K.L.:
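Have a look at the structure that comes next, please.
Only a predicted model underlies this, so the values are computations on that prediction, with no experimental measurement involved. Ligands are counted one by one from 1 in listed order, and the atoms in each one are counted from 1 as well.
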Amino acid sequence: MRLAVLSDIHSNIEALSACLEALKEKSVDGYVLCGDTVGYGPDPEAVIERVRALSPLYAVKGNHDLAALGEMDLGWFNAFARAAIEWTIGRLSGEAAAFLKGLPLRVETPDFTVVHGTPRDPAEEYLLTKQQFMENLGSFKASPCFVGHSHLPLYFQVLEGDRVVGDMLEGESRWRSGPLPCALNPGSVGQPRDLDPRAACAVFDTSDRTFYMLRVPYDVEATQKKIRAAGLPPFLAERLSQGR
Ligand code: ZN
């Protein structure tokens, strides 16, 4: 089975469309979505419509989704994120809001786990270090555990002898995960922060357990224009061309 892995789309329809187009050639059998479908970007409704049409879909909520639904305190967020969440609230149709609301905080199948932040704290904690990965090992059973939240393509893996490795996945690099627990982050579709402005997503092949990154160019300027026209903070447009 080949799974498309997408995270942190953040209401960026141009980036999402480019990724779905690139994934067409990969003949995937299903879609994993690690949360933060909305927030920051100008097209929450269009993005939710595209996401809802994906099937089969294994999707969770992220902290921005929770906040846009009034399920998380806005005090948690920085000023830019907060402004975008406040903008998003009230722009979601009843149907789109109901779809987001219906998503769980974690998905567990026999073959993989899906959360936004970390398995022990899906809404808030970032999985950035080997230490954090080790601390989270008791909080998920099925591996890989797909995560998002940091907007950075990353892998963490337990090796024989209880050694742990972890690193960034640069460009279109790949990680062949072993039989022991691993956590994989596909980076961000709609707001990459690894200084590569191309949209990021990944494919996980369950037959050889290979996770490979796709980096997809998209019309960044079109998204930036919409962000400015919507009256969202200009920094949210600027950062897209820098990938930060
Ligand atoms: Zn995010």
K.L.:
Quick check: does His151 put an N/O/S atom under 2.8 Å from the Zn ion (ligand 1)?
P.N.:
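For His151, the answer is yes, given that an N, O or S atom comes within less than 2.8 Å of the Zn ion (ligand 1).
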
K.L.:
Check the surroundings of atom CD in Glu170: do more than 12 heavy atoms from other residues, nucleotides or ligands lie under 6.0 Å from it?
P.N.:
no

K.L.:
In Asp36, which N, O or S atom comes closest to the Zn ion (ligand 1)?
P.N.:
OD2

K.L.:
Under the 6.0 Å and 45° cation-pi test, does Arg174 pair with Tyr155?
P.N.:
no

K.L.:
Say whether Glu45 and Ser93, considering side chains only, have a donor N or O and an acceptor N or O under 3.5 Å apart.
P.N.:
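A pair is found: one side chain offers a donor N or O, the other an acceptor, under 3.5 Å apart.
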
K.L.:
Which N/O/S atom belongs to Asp8 and is the closest one to the Zn ion (ligand 1)?
P.N.:
OD1

K.L.:
Please confirm whether the ring centroid of Phe204 lies under 6.0 Å from the ring centroid of Phe146.
P.N.:
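Ring centres of Phe146 and Phe204 closer than 6.0 Å.
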
K.L.:
Short check: any N/O/S atom of His64 below 2.8 Å from the Zn ion (ligand 1)?
P.N.:
no

